[in-house]
J.: 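Before anything else, here's the structure in question.
Both ligands and their constituent atoms are indexed starting at 1 by order of listing. Index from 1, following the sequence.
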Amino acid sequence: MKKVAIIYWSKGGNVETLANIISDKLEESGVEVNLKQVSDADISDISEADAIALGSPAMDENKIEQNEMEPFIDKLQNLNMNKKVVLFGSYGWGQAGFINEWEKRMNSYGFNVIGKLAIGEAPDDEQIEALKDLSKNLINLE
Ligand SMILES: Cc1cc2nc3c(=O)[nH]c(=O)nc-3n(C[C@H](O)[C@H](O)[C@H](O)COP(=O)(O)O)c2cc1C
């Protein structure tokens, strides 16, 4: 069975909603999901997974969350894990730029970012479908 780790940071619940949508979609497709807040996660969650999804809001002047998500992502440097990654996030007044920066960074760490989606606050129906499509790409389902 394929295993996907979904690691996220969320305070207000918007990113958590996105994480749960991805988790539900993968589970209904028969994938083993390891869903964790980043404060409970460590590198083994990443190394044990076949593919990963990472989620953060835009915080601190349009960056990924800086106190917990940033140090976790920093630890992924130099691991050279060529795993498929989906990035997802939510922003308030900024734009989706933080996720483009995050994508460049993950690719420079050797990961293979196959999709990303940043949503203004909470998702609408169309964005929920787009997120489900991204999730399927993580495990190559039809
Ligand atoms: C302390 C704080 C800082 C924030 N900084 C930004 C920011 O720099 N740019 C932005 O677009 N949104 C910013 N936001 C808005 C959040 O990205 C947005 O509300 C997001 O949906 C929060 O995700 P969550 O509900 O999962 O915590 C900030 C929100 C908070 C509470």
J.: Only one of Gln66, Glu70, Met59 clears side chain to side chain contact (heavy atoms under 4.5 Å, CB included) with Trp9; which?
T.: Met59
J.: Is there a side-chain contact between Phe88 and Ile119, using heavy atoms and a 4.5 Å cut-off?
T.: no
J.: Hey, looking at atom 21 (O) of ligand 1, which of Gly97, Ser90, Pro57 has the closest heavy atom?
T.: Ser90
J.: Mind checking whether Lys11 contacts ligand 1 via backbone (N, CA, C, O), side chain (CB onward), both or neither, at a 4.0 Å heavy-atom cut-off?
T.: both
J.: Among all protein heavy atoms, pick the one closest to atom 12 (N) of ligand 1 and tell me residue, atom and distance.
T.: Gly92 N, 3.0 Å
J.: Using modelled atom types only, decide if a donor and an acceptor are shared between the side chain of Asn107 and the backbone of Val113 within a distance under 3.5 Å.
T.: yes
J.: Could you list which atoms of ligand 1 come closer than 4.0 Å to a heavy atom of Glu61?
T.: 8 (O)
J.: Check the hydrophobic clustering (I, L, V, M, F, W, Y; side-chain heavy atoms under 4.5 Å; chains of links allowed) and say if Leu35 and Leu131 are grouped together.
T.: yes
J.: Is there a side-chain contact between Tyr109 and Ile73 (heavy atoms, below 4.5 Å)?
T.: yes
J.: Could you tell me the residue and atom name of the protein heavy atom closest to atom 9 (N) of ligand 1, and the distance to it rounded to 0.1 Å?
T.: Asn62 OD1, 2.7 Å
J.: Can you tell me the protein heavy atom closest to atom 25 (O) of ligand 1 and the distance?
T.: Asn14 N, 2.8 Å
J.: Tell me the protein heavy atom at minimum distance from atom 19 (O) of ligand 1, and give that distance in Å.
T.: Glu121 OE1, 3.0 Å
J.: Inspect the surroundings of CD in Gln95 and state if more than 12 heavy atoms from other residues, nucleotides or ligands are less than 6.0 Å away.
T.: no
J.: Which residue and non-hydrogen atom of the protein lie closest to atom 3 (C) of ligand 1, and at what distance in Å?
T.: Met59 SD, 3.7 Å
J.: Evaluating non-hydrogen atoms only, which member of Ala58, Gly120, Ala122, Gly13 is closest to atom 16 (C) of ligand 1?
T.: Ala58
J.: So Phe72 and Ile7, do their side chains get closer than 4.5 Å, heavy atoms only?
T.: yes
J.: How far is atom 26 (O) of ligand 1 from its nearest protein heavy atom, and which residue and atom name does that atom have?
T.: Ser10 OG, 2.6 Å
J.: Looking at atom 11 (O) of ligand 1, what's its closest protein heavy atom, distance included?
T.: Gly94 N, 2.6 Å
J.: Taking the side chain as C-beta and beyond, is there a heavy-atom pair between Asn14 and Pro57 under 4.5 Å?
T.: no
J.: For atom 28 (C) of ligand 1, tell me which residue out of Trp93, Tyr91, Phe98 has the closest non-hydrogen atom.
T.: Trp93
